[in-house]
Protein chains: 2
Amino acid sequence: MPWKDGTGPPWLHGKFKGCGYRMTIPRQGILDVLNETADHLSAEDIYHKVHGAYPSIGLTTVYRTLELLVHTGLVYRFDFGDGRARYELAEGPKSIGHHHHLVCTGCGRIIDYTDFIEEEIELLKQTEKGLTKKYKFRVTNHLIQFYGLCEACQGTG
Amino acid sequence: MPWKDGTGPPWLHGKFKGCGYRMTIPRQGILDVLNETADHLSAEDIYHKVHGAYPSIGLTTVYRTLELLVHTGLVYRFDFGDGRARYELAEGPKSIGHHHHLVCTGCGRIIDYTDFIEEEIELLKQTEKGLTKKYKFRVTNHLIQFYGLCEACQGTG
DNA sequence: ATTTATATTGATAATGATTATCATTTCCAT
DNA sequence: ATGGAAATGATAATCATTATCAATATAAAT
Ligand SMILES: [Mn+2]
Ligand SMILES: [Mn+2]
Ligand SMILES: [Zn+2]
Ligand SMILES: [Zn+2]
């Protein structure tokens, strides 16, 4: 289980405490930043944003908290190929829900999409079942990304 | 054709020269290694393997050649979450063809699978078409990975 | 074959994101 | 309040990947 205790959590604040961790000011700040943005922020992005509200925060704490959040499943970590990890709140009030990504190899822009998600998830479910049977592999997560050029980057051949 | 030493795949020669590059001994060695393995090697893995045949090769050359190969589309670069890029020949005689990956988060093992590929590709094609229409995004590539635990790693709960 | 221009190489240093240390501070249960 | 565990932040260390740059290898031109 990702939770230290056996308690099931509501959301964020409660979800965090439910895992047996303390909800501190730096952690709250980091969660706030993640909850208020629509972007896919890097650790340093988050550090700078939190720094506005809590100037004493250290970059190390940001990395540590993100590691914690990823481990507990509250946050997803992505690699879009620009050399730094990027983070996104797994789900919550402001979340658009489960989605996949379009990654522009021209400008690095990331587009969330939920279109066709149902069909994709349905196929993934079937695929998972088959793979589990054949390879005895227990799937816990999946990653789907499309790479290409966004509208703005198609002009500059 | 003047193949310096390698027994390597001639099916790459034209593509290489067609792009204005020279087929040198270090490059041939790197391609040989990629062509002979079924694993997903890191740059350093490749460096060590090529070093057996060409001890004077430098790690820098490996990185540069891989960058070249990825850029020309002959090689795919993957990130499986272990902090280093891994490489795989895009296609060729010994290739199993287009496939996706199962990534064990327990031991790092990578499993190639081609099962359900047809169905997946078919759905991806449709999804691509819809995404192109809605987001004006020109898809050139896609990435699908399943994360979970391999058979050996499921025992150690 | 000799020359010439260019592509390629490899040793080395630099970069930059992420981790490891560790002393200090904060939190919580007693 | 108090003691112990958890969390923090400044700093140094890792480590994969890139940037430099002088030396070498290659292909074309003479
Ligand atoms: Mn997203
Ligand atoms: Mn593979
Ligand atoms: Zn773009
Ligand atoms: Zn495993």
Side-chain angles (χ1 to χ4, degrees), chain A residues 3-5 7 13-14 16-31 33 40-48 50-72 74-75 77-87 108, chain B residues 1-6 12-31 40-48 50-72 75 77-87 108:
Chain A
W3 289 279
K4 278 172 115 179
D5 307 339
T7 49
H13 225 275
F16 211 76
K17 285 187 172 174
C19 295
Y21 300 111
R22 297 173 183 170
M23 180 50 68
T24 63
I25 291 180
R27 287 173 178 174
Q28 182 64 254
I30 290 166
L31 280 169
V33 165
H40 304 80
L41 303 175
S42 68
E44 200 166 6
D45 291 338
I46 295 168
Y47 166 70
H48 284 126
V50 179
H51 197 267
Y54 308 101
S56 71
I57 197 172
L59 180 56
T60 304
T61 297
V62 175
Y63 272 106
R64 260 189 308 235
T65 301
L66 287 171
E67 180 188 20
L68 200 61
L69 291 167
V70 169
H71 186 251
T72 57
L74 287 170
V75 164
R77 179 193 347 234
F78 290 99
D79 168 53
F80 294 127
D82 65 343
R84 67 197 63 193
R86 296 190 171 268
Y87 301 85
Chain B
M1 277 283 101
W3 287 110
K4 301 306 171 194
D5 195 7
L12 292 173
H13 189 234
K15 191 141 192 175
F16 230 86
K17 293 196 78 174
C19 295
Y21 301 114
R22 297 172 183 171
M23 180 53 69
T24 64
I25 291 179
R27 288 173 178 173
Q28 185 65 63
I30 291 166
L31 281 170
H40 304 81
L41 304 175
S42 69
E44 200 166 6
D45 291 338
I46 295 167
Y47 167 69
H48 284 126
V50 179
H51 196 267
Y54 308 101
S56 71
I57 197 172
L59 182 55
T60 304
T61 296
V62 175
Y63 272 106
R64 261 190 308 235
T65 302
L66 287 171
E67 179 189 19
L68 201 64
L69 291 167
V70 169
H71 187 252
T72 56
V75 164
R77 180 196 344 239
F78 290 99
D79 168 53
F80 295 127
D82 66 342
R84 67 198 62 194
R86 295 189 172 271
Y87 302 85

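- B:Y21 pairs by the ring-ring contact (aromatic ring centres under 6.0 Å, His included) definition with B:F16, not counting sequence neighbours.
- Both B:Y47 and B:R27 lie close to DNA chain C; mapped to their nearest nucleotides by heavy-atom distance, the more 5′-ward contact belongs to B:R27.
- For A:T24, a side-chain nitrogen or oxygen approaches OP1 or OP2 of D:dT8 to under 4.0 Å.
- The interatomic distance linking B:Q28 (CD) with D:dT26 (P) rounds to 13 Å, in whole Å.
- Atom CE in A:M23 sits roughly 16 Å away from atom C1' in C:dC28 (whole-Å rounding).
- Atom CZ of B:F78 and atom C1' of D:dT17 are 19 Å apart (whole Å).
- Note: NE2 (B:H71) to P (D:dT18) measures 13 Å, nearest angstrom.
- Contact annotation: A:S56 side-chain N/O to D:dG9 OP1/OP2 distance is under 4.0 Å.
- A:T72 places a side-chain N or O within 3.5 Å of a backbone atom of A:L68 that can act as its donor or acceptor partner.
- As a whole-Å value, the separation of A:I57 CD1 from D:dA10 P is 10 Å.
- Distance from the side chain of A:R22 is smallest to D:dA6 among D:dA25, C:dT9, D:dA6.
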Atom pairs under 3.5 Å, N or O on each side, protein against nucleotides 16-21 of chain C: can you list them with distances?
| from | atom 1 | to | atom 2 | distance (Å) |
| --- | --- | --- | --- | --- |
| C:dA17 | OP1 | A:R84 | NH2 | 2.7 |
| C:dT18 | OP1 | A:A85 | N | 2.7 |
| C:dT18 | OP2 | A:Y63 | OH | 2.5 |

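- If you measure from atom CG of A:L66 to atom P of D:dA7, you get 15 Å, rounded to the nearest angstrom.
- Regarding B:I25, its CD1 atom lies at a distance of 10 Å from the P atom of C:dT9, rounded to whole Å.
- Between A:H40 and A:F80, the ring centre distance stays below 6.0 Å.
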List the steps, then state whether side chain to side chain contact (heavy atoms under 4.5 Å, CB included) holds for A:R27 with A:T61.
-> CA-CA 8 Å; A:R27 287 173 178 174; A:T61 297; 5.8 Å; no

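- For the pair B:D82 CG and D:dC15 P, the computed distance is 14 Å after rounding to whole Å.
- Between A:L66 and A:Y87, the closest heavy-atom pair is CD1-CE1, 3.6 Å.
- A salt bridge links A:R86 with A:D45: the closest approach of a Lys/Arg side-chain nitrogen to an acidic carboxylate oxygen falls below 4.0 angstrom.
- No side-chain donor-acceptor contact under 3.5 Å links B:R84 to the backbone of B:A43.
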